Amino acid sequence: MPEYAWVFPGGRTLLSRMMEAEIPCHLSLPIFPFDTPNCTLRMASYSYLLTELRYSWDSVHAPVELDPETLTDADIHIREVVTADGVKQYQLGPFSMLRVSILFSRTLSPFFVQVY
């Protein structure tokens with residue numbers, strides 16, 4: 001993964017790292033195949049208070065890009081992607097947070113063909 005560091009006059013440094021994550025998504029098996037999996041990822045600052053750093057999604061470009069070909073199950077489709085920014089309150093104070101929720105839907109016909 002790429003990693004970049006900048007050193008500014010006065011000694012201030014900035015470290016930037018690209019990160020990828022595979023996030024498990026829990027399914028509701030009692031109502032399978034009629035479930036609609038909703039996977040949520042929250043990212044928050046852990047070292048800067050809200051007064052020092054505020055995360056926000058880019059309002060001009062699509063903030064989340066998904067590659068449909070990475071879905072390993074052909075019966076699942078991405079229905080909706082919802083992004084939000086907010087504040088997470090901890091003992092030390094408020095911290096900036098980003099959230100993305102991905103709602104999936106299933107194609108039911110392959111399930112019924114296999115069962116019947």
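Each residue takes its place number in the sequence, starting with 1. Because the structure is a prediction, the values reported are computed rather than measured.
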**Report entry** Linked, directly or transitively: L103 and V100 (ILVMFWY side chains, under 4.5 Å)
**Finding:**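 L103 and V100: separate clusters.
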Requested in this report: Group every Ile, Leu, Val, Met, Phe, Trp and Tyr by side-chain heavy-atom contacts under 4.5 Å, then state whether M43 and V82 land in the same group.
Outcome: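 No, M43 and V82 fall in different hydrophobic clusters.
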Atom pair [atom1] ([X]) and [atom2] ([Y]), whose distance is rounded to the nearest 0.5 Å:
| X | Y | atom1 | atom2 | result |
| --- | --- | --- | --- | --- |
| T83 | D58 | OG1 | CG | 10.0 Å |
| M97 | D85 | CE | CG | 8.5 Å |
| K88 | Y55 | NZ | OH | 15.0 Å |

Requested in this report: Indicate the atoms forming the closest heavy-atom contact of S101 with T40, along with that distance.
Outcome: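 In this case the closest contact between S101 and T40 is OG-OG1, 3.0 Å.
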Query - Heavy-atom pair with the smallest gap, counting every atom of F95 and Y48 - result: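 Shortest heavy-atom contact: CD2-O, 3.2 Å.
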Requested in this report: Taking W57 for its side chain and L98 for its backbone only, find out whether a donor-acceptor pair lies under 3.5 Å.
Outcome: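 It does not hold such a pair.
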Query raised in the report: Any side-chain donor-acceptor pair under 3.5 Å between S105 and T36?
Result: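 Side-chain D/A pair, S105 to T36: absent.
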Report task. Assess whether side chain to side chain contact (heavy atoms under 4.5 Å, CB included) is satisfied between N38 and I102, documenting all intermediate values. Result -> CA-CA 6 Å; N38 186 2; I102 305 169; 5.6 Å; no
Query raised in the report: With L50, which residues qualify under side chain to side chain contact (heavy atoms under 4.5 Å, CB included), at least two apart?
Result: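 Per chain and number, L50 pairs via side chain to side chain contact (heavy atoms under 4.5 Å, CB included) with R54, V87, P94, S96.
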Requested in this report: Taking the side chain as every heavy atom from C-beta outward, state whether F8 and T13 have any pair of such atoms under 4.5 Å apart.
Outcome: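 SC-SC contact between F8 and T13 ruled out.
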